[in-house]
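Here is the structure we will look at, set down as structure tokens.
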Amino acid sequence: MKISIWGDYACPYCYIGETNLQKAIKELGVQDKIDYDLNAFQIDLDAPKSTKQTNAVLLAYEKAIPLAKANAAYDHAKAMGKAVGLTINEATAYNTNTMDAHRMVQWAKATYHDSKLIENLADDLFYAYFTENKELADHKVLLDVAKKNKLDPSEVKKILDSKAYQDVVMQEEADLESRGIESVPYFIINGQQFDGVQDVSTFETVIGAGFGMKPDEFLNF
């Protein structure tokens with residue numbers, strides 16, 4: 001079964017949504033039957049390559065509000081993440097451009113045709129940004145993620161130092177916008193479309209039905 005996902009590595013709800021999806025797939029025991037098709041969507045096209053200001057500091061400045069109030073604005077996503085076992089420190093993260101992270105993943109997707117690899121790359125990029133608060137535009141950060149996943153660092157560096165796959169990223173963003181969708185995460189599963197974070201049971205229901213499972217085989221009543 002092909003599952004198409006659009007998201008950004010600086011999007012907490014994408015991290016939560018993909019985590020719920022992965023849990024549903026694992027609980028159904030269909031890991032080897034899923035084609036994990038990850039597509040790019042940048043939330044902030046104009047994000048800089050580097051910044052010294054955290055998300056909370058920038059929000060406080062833009063909204064002219066106290067820093068404590070700006071920090072509190074990120075509490076909802078943090079609580080949602082904690083509920084599914086994630087540490088989401090969005091307030092203290094640095095909003096840098098995610099184009100190169102997307103280009104690296106799309107290169108790996110086209111080169112290796114390995115759904116598990118793409119899933120792992122995404123997880124590691126989310127973790128680097130939200131838990132470790134690393135800058136996703138930093139090529140050293142991206143190379144570290146690549147090495148962890150046993151990708152050839154020289155090949156990855158060659159990709160990062162070029163503009164390769166930028167057109168692919170831009171086309172995937174355009175494809176989503178052509179559907180009238182302007183936010184992520186967005187999922188297409190078994191012909192059904194889901195906009196925003198979905199819970200594990202929702203994913204289990206649509207995936208289970210796609211494999212012809214009866215509800216009592218995967219739903220806990």
Side-chain angles (χ1 to χ4, degrees), residues 1-19 21-22 25 34-51 93-189 193-195:
M1 178 187 292
K2 183 177 181 178
I3 297 180
S4 296
I5 308 159
W6 279 261
D8 192 14
Y9 306 116
C11 164
Y13 303 107
C14 298
Y15 194 10
I16 295 164
E18 289 191 38
T19 297
L21 173 62
Q22 291 166 11
I25 291 170
I34 298 296
D35 177 11
Y36 202 81
D37 179 36
L38 190 59
N39 299 282
F41 188 90
Q42 296 178 94
I43 291 176
D44 186 354
L45 295 170
D46 299 319
K49 286 284 188 178
S50 184
T51 179
Y94 298 89
N95 181 38
T96 55
N97 200 285
T98 58
M99 170 58 85
D100 288 348
H102 283 296
R103 290 196 303 111
M104 180 179 77
V105 172
Q106 294 309 311
W107 165 78
K109 177 180 167 182
T111 303
Y112 295 97
H113 308 286
D114 184 336
S115 290
K116 188 60 181 176
L117 169 64
I118 301 309
E119 181 181 335
N120 289 341
L121 284 171
D123 288 345
D124 289 340
L125 289 167
F126 281 128
Y127 186 86
Y129 183 75
F130 287 109
T131 304
E132 300 180 321
N133 288 162
K134 293 181 177 178
E135 296 186 355
L136 293 185
D138 185 339
H139 286 187
K140 182 180 183 305
V141 171
L142 299 179
L143 284 167
D144 285 345
V145 169
K147 290 174 187 175
K148 181 180 177 182
N149 287 278
K150 297 180 170 53
L151 299 181
D152 185 339
S154 63
E155 288 298 314
V156 175
K157 187 176 188 304
K158 191 183 301 181
I159 293 297
L160 293 177
D161 289 343
S162 72
K163 296 293 185 182
Y165 290 89
Q166 182 169 306
D167 58 334
V168 175
V169 172
M170 294 174 69
Q171 184 59 55
E172 289 180 346
E173 293 173 357
D175 288 345
L176 187 60
E177 290 172 349
S178 71
R179 297 171 181 270
I181 305 298
E182 299 179 349
S183 63
V184 284
Y186 180 76
F187 307 86
I188 300 178
I189 306 172
Q193 302 175 44
F194 299 88
D195 186 5

Taking it one step at a time, do Asn149 and Tyr112 satisfy side chain to side chain contact (heavy atoms under 4.5 Å, CB included)?
CA-CA 12 Å; Asn149 287 278; Tyr112 295 97; over 6 Å; no
In terms of heavy-atom contacts, Thr96 and Ser50 come closest through CG2-CA, 3.8 Å
Test your reading of the model: is there a side-chain donor-acceptor pair from Arg103 to the backbone of Leu160, 3.5 Å cut-off?
yes
Euclidean distance, His113 NE2 relative to Thr111 OG1, rounded to 0.5 Å:
7.0 Å
Can you name the nearest heavy-atom pair linking Ala101 to Leu136, along with the distance?
CB-O, 4.2 Å
So Gln42 and Asn97, do their side chains get closer than 4.5 Å, heavy atoms only?
yes
Which of Lys2, Lys109, Gln22 passes side-chain hydrogen bond (donor to acceptor under 3.5 Å, both in side chains) with Tyr36? It is Gln22
Go through it in stages, so that I can follow the logic: the residues are Leu121 and Leu151, the test is side chain to side chain contact (heavy atoms under 4.5 Å, CB included), and I'd like the CA-CA distance, side-chain angles, deciding distance and then a yes or no.
CA-CA 10 Å; Leu121 284 171; Leu151 299 181; 4.1 Å; yes
Over all heavy atoms of both residues, which pair between Ala40 and Glu173 is shortest? Give the atoms and the distance, please.
O-CG, 3.5 Å
Is a side-chain donor or acceptor of Gln106 paired with a backbone partner of Gln166 at a separation under 3.5 angstrom?
no
Residue pair Ile189, Leu21: steps toward the side chain to side chain contact (heavy atoms under 4.5 Å, CB included) verdict:
CA-CA 10 Å; Ile189 306 172; Leu21 173 62; 4.2 Å; yes
Within-4.5 Å side-chain heavy-atom neighbours: Ile3 and Ile25:
yes
Look up atom CE in Met170 and atom NE2 in His102, then write down how far apart they are to the nearest 0.5 Å.
13.0 Å
Check whether any side-chain heavy atom of Tyr165 lies under 4.5 Å from a side-chain heavy atom of Met104, and answer yes or no.
no
Any donor-acceptor pair under 3.5 Å from Asn39 side chain to Ile5 backbone:
yes
Taking the side chain as everything from C-beta on, heavy atoms only, tell me whether Ile34 gets closer than 4.5 Å to Ser115.
no
Nearest atoms (heavy-atom pairs only) where Asp100 meets His139
OD2-NE2, 2.7 Å
Side-chain contact test, heavy atoms from C-beta onward, threshold under 4.5 Å: evaluate it for Leu125 versus Thr98 and give yes or no.
no
Look at Lys140 together with Asp144 and state whether they make a salt bridge at an N to O cut-off of under 4.0 Å.
yes
For Val156, the option from Asp161, Leu142, Leu143 that meets side chain to side chain contact (heavy atoms under 4.5 Å, CB included)
Leu143
Should we count CZ of Phe194 as having more than 12 external heavy atoms under 6.0 Å?
yes
Taking the side chain as every heavy atom from C-beta outward, state whether Val145 and Lys134 have any pair of such atoms under 4.5 Å apart.
no
Measuring only between side-chain heavy atoms, which start at C-beta, is Val141 closer than 4.5 Å to Glu132?
no
Closest heavy-atom pair, Ala164 versus Ile159, reported as atoms and distance to 0.1 Å, is CB-CD1, 4.1 Å
Going through the distances and angles, do Asp175 and Gln171 end up as a side-chain hydrogen bond (donor to acceptor under 3.5 Å, both in side chains)?
CA-CA 6 Å; Asp175 288 345; Gln171 184 59 55; 2.8 Å; yes
With the side chain counted from C-beta on, respond yes when Lys150 and Leu117 share a heavy-atom pair under 4.5 Å apart, and no when they do not.
no
Which atom pair, heavy atoms only, marks the closest approach of Cys11 to Pro185?
SG-CD, 4.4 Å
Report the relative orientation of the aromatic rings in Phe130 and Tyr15; use parallel for angles under 30°, tilted for 30 to 60°, perpendicular for over 60°.
parallel
As a quick check of understanding, evaluate side chain to side chain contact (heavy atoms under 4.5 Å, CB included) for Asp8 and Tyr13, giving each step before the final call.
CA-CA 9 Å; Asp8 192 14; Tyr13 303 107; over 6 Å; no
Please check if the side chain of Glu172 supplies one atom and the backbone of Trp6 the other of a donor-acceptor pair under 3.5 Å.
no
Supply the atom-to-atom distance Met1 CE to Asp37 CG, rounded to the nearest 0.5 angstrom.
13.5 Å
